[in-house]
Amino acid sequence: MLRSNPAKKVAFITLLSASMGLFTANVAAQEQPFELGVTKVSNGDVVSYQGECFKAKNSPGAWEAPKSGSWFWVQVTCSNDTVEPPVAPEPPVVEPEPPVTEPEPPTTDIPPDVTPFVLGETRVANGDVVSYQQQCYIAQNNPGVWEAPKANSWFWKSTNCGSTTEPPLTCTLPEVLIDNQCVIPPVECPDGSSAATAEECPVIPPVTCPDGSTADSVELCPPAKVVCDDGSVVDDIAQCPVTPVTCPDGSTANSVADCPVTEVPTSMTVTSDGKGGYLIPRAEFVAIEKSLTSGELFDLVRSDTVTLDNASVEAVLPLRAANPENVKRAESIVDEALWEFLFPIRNPAYTYNRFLQAIAKFPAFCRTYTDGRDSLAICKRSLATMFAHFVQETGAHAPNWEGALGNPEWRQGLYYVREVYKSESDTTGPYNKCTGWAGERWPCANKSYFGRGAKQLSWNYNYGPFSEAMFGDKMVLLEKPELVADTWLNLASAVFFYVYPQPPKPSMLHVIDGTWQPNAADKANGIEHGFGSTIQIINGAFECGKGSTTAQAKARIAYYKEITSYLNLDISGEKLDCADMKAFDTAGAGALEVYWDKDWGWDANTPGNHSFKCKLVGYQTAYSAWSAGDYELCVEDNFNVQATDANGEIIPK
């Protein structure tokens, strides 16, 4: 996806502001002294700071220190710099020139106990002294291996190489070090501005909820009501009464899939409908579908893709005693404070509570393994993998931007909630063109299916299956794709992508927990266990198999290293890169046959000798083996067939 670089935007505006500052006239009014964290100003106010004067712009807060070239300030001439009337020039006094002294060379006498800093390798703690490019520095504010030492840095303080005893200035949370002072950092307000405390944030007008009531935010609106088929109104579609179906043997069940299994026919009973089409008893469809979707493979993947009902998901809260087991495990690794640390400039839509709800929806994520596998280690590795991809997919990618608040790139994830330059009102362009079998299976509803959420879910053929997994109804998100940005689905969409296989690619869950084992075809393609294979799954066509590491893959690997290091996760021996990996193919172990396609076989006992059957394949089609009844749809669509009941009557679609 294309991204806007906030740092470039700020640089352009800064340059324009600096140019305009050249024409600023002398300020007539008396300047007020600016005290960091105390002085509040409005646009146009003039202040003095560290012997210089500045005019406010773009609504600076009390924590934006005045400086030249800032987004929030323009340097001006102080009012006490008055112009004196001209006087006759006096003859110049010729002073003897001072002797020229050569500048001292950089320090080279570095004590042996000072650690040389190697970019990308050296890890330090606050107070450690390192040498870099013949200069010495003291670490502060927990620098990572990619923060190169330099003077006046957020992470480093220059020091004399001859002395390593000078302690760095450290602050106690919630204070941070700004201009060599320990101060409480500003908070980010819901409207994007900053303030000293949350209480000082601007009051946002209430929003109008779908039921006509008002609330302070969309999250506080009452849950939308659902109208069931019988006309009843409930809070969630899962609460709708189930209408029983009549099974081929005359009994009733909640769904066709729950009907008793009948004998699997070796040949379909096909009769003419008198209109050029054909009729087949539904009992035969059900029997064949059940026969072909039973066994260890389907039991395994079904257990991985099972979902929790939405009412239980929405009841999840941080540290709630009744939270599901997999949520509690994730909380033990990433608590709310760590979530704030890892994603400090995230979009407000990505809340910690929604993160927990997304995990709750999929019980297989961070589940308990009973076969000897380390459940905690798998959960930790799963989170680190997912977070690294978050940073690449939705990060600000602006290391020197003021808005990053000094945070390195690996902690700038979840900045975007919608694809850059896209809006909900835009229904033009490639994202709303639904054509071919995918358009028939997941029809567009005059909406644009651009990237939304932490994984940037895109295209109708991904929104439809995700909607079926979340609501049992493909049209919910095809009609309201904005829910993937504005609700807990913004993070659940990423977990959905993580646990669902996309043949011939395995799921990332199976790669990390060891369920997927590369076979000879995978190994011949260079595909092995490790972070590199997850890059191949998420964006292999663009980032893998190029012979050398692409810039995007290199960034993902760097983020993964930083996050796993912070979580104390050992990744030694893991294949991180995918430069030599070819794409997953149908000969690999990930090519699970979980979709239906036309069986082109021959049957001597049917009209035209067609098979009138579908078969399981390892590539995506419009018919999924996970959706009960899709086998019947596949046969009907490919052979002009209608299903009949036990009395031979056509069953309406």
Side-chain angles (χ1 to χ4, degrees), residues 5-81 135 137-138 140-141 143 147-159 168-169 171 174-189 192-197 200 344-345 396-409 411-412:
N5 191 323
K8 292 182 179 178
K9 179 178 179 182
V10 170
F12 172 78
I13 297 174
T14 300
L15 180 60
L16 179 60
S17 299
S19 300
M20 293 175 63
L22 295 176
F23 301 98
T24 304
N26 285 358
V27 180
Q30 181 65 37
E31 302 83 16
Q32 66 177 118
F34 185 92
E35 183 177 351
L36 192 64
V38 176
T39 306
K40 297 183 181 296
V41 296
S42 301
N43 288 344
D45 290 350
V46 179
V47 301
S48 61
Y49 184 71
Q50 296 182 346
E52 296 178 312
C53 294
F54 303 85
K55 180 188 288 186
K57 64 173 184 174
N58 295 317
S59 302
W63 295 102
E64 276 85 30
K67 62 181 179 180
S68 177
S70 167
W71 167 261
F72 298 103
W73 301 96
V74 175
Q75 187 167 6
V76 297
T77 305
C78 294
S79 61
N80 57 359
D81 292 340
Q135 298 293 321
Y137 303 88
I138 299 176
Q140 60 185 12
N141 294 315
E147 278 84 32
K150 61 180 178 180
N152 301 320
S153 165
W154 170 266
F155 297 104
W156 300 96
K157 180 180 179 182
S158 57
T159 186
L169 179 60
C171 302
E175 293 183 333
V176 298
L177 191 65
I178 298 179
D179 290 345
N180 209 34
Q181 300 180 54
C182 289
V183 296
I184 298 177
V187 298
E188 182 179 355
C189 299
S193 63
S194 59
T197 64
E200 296 181 25
I345 63 169
H397 300 288
N400 300 313
W401 175 44
E402 251 183 64
L405 303 178
N407 295 296
E409 278 196 62
R411 289 173 54 210
Q412 294 179 17

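Because only heavy atoms are used, hydrogens play no part in the values below, and waters and symmetry mates are left out as well, while side chains stay in.
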Inter-residue atom distance K55.NZ - K57.NZ, 0.5 Å rounding | 11.0 Å
Distance, nearest 0.5 Å, that separates CD of Q135 from OG of S158 | 8.0 Å
Looking only at non-hydrogen atoms, find the nearest pair between C78 and E52 and report the distance.
-> SG-C, 4.0 Å
What heavy-atom pair brings P60 and V41 nearest, and what distance separates the two atoms?
-> CG-CG2, 3.7 Å
Is a donor on one side and an acceptor on the other found under 3.5 Å between the side chain of Q412 and the backbone of A398?
-> yes
Heavy atoms of E147 and P408 approach each other most closely as OE2-CB, 2.9 Å
Heavy-atom pair with the smallest gap, counting every atom of I345 and A396 = CD1-CB, 4.0 Å
If every non-hydrogen atom of T159 is compared with every non-hydrogen atom of Y137, which pair is closest and at what distance?
-> CG2-N, 3.9 Å
With sequence neighbours excluded, residues passing ring pair (Phe, Tyr, Trp, His ring centres under 6.0 Å) with F34 = Y49, W73
Check whether any side-chain heavy atom of V47 sits under 4.5 Å from a side-chain heavy atom of P66, and report yes or no.
-> yes
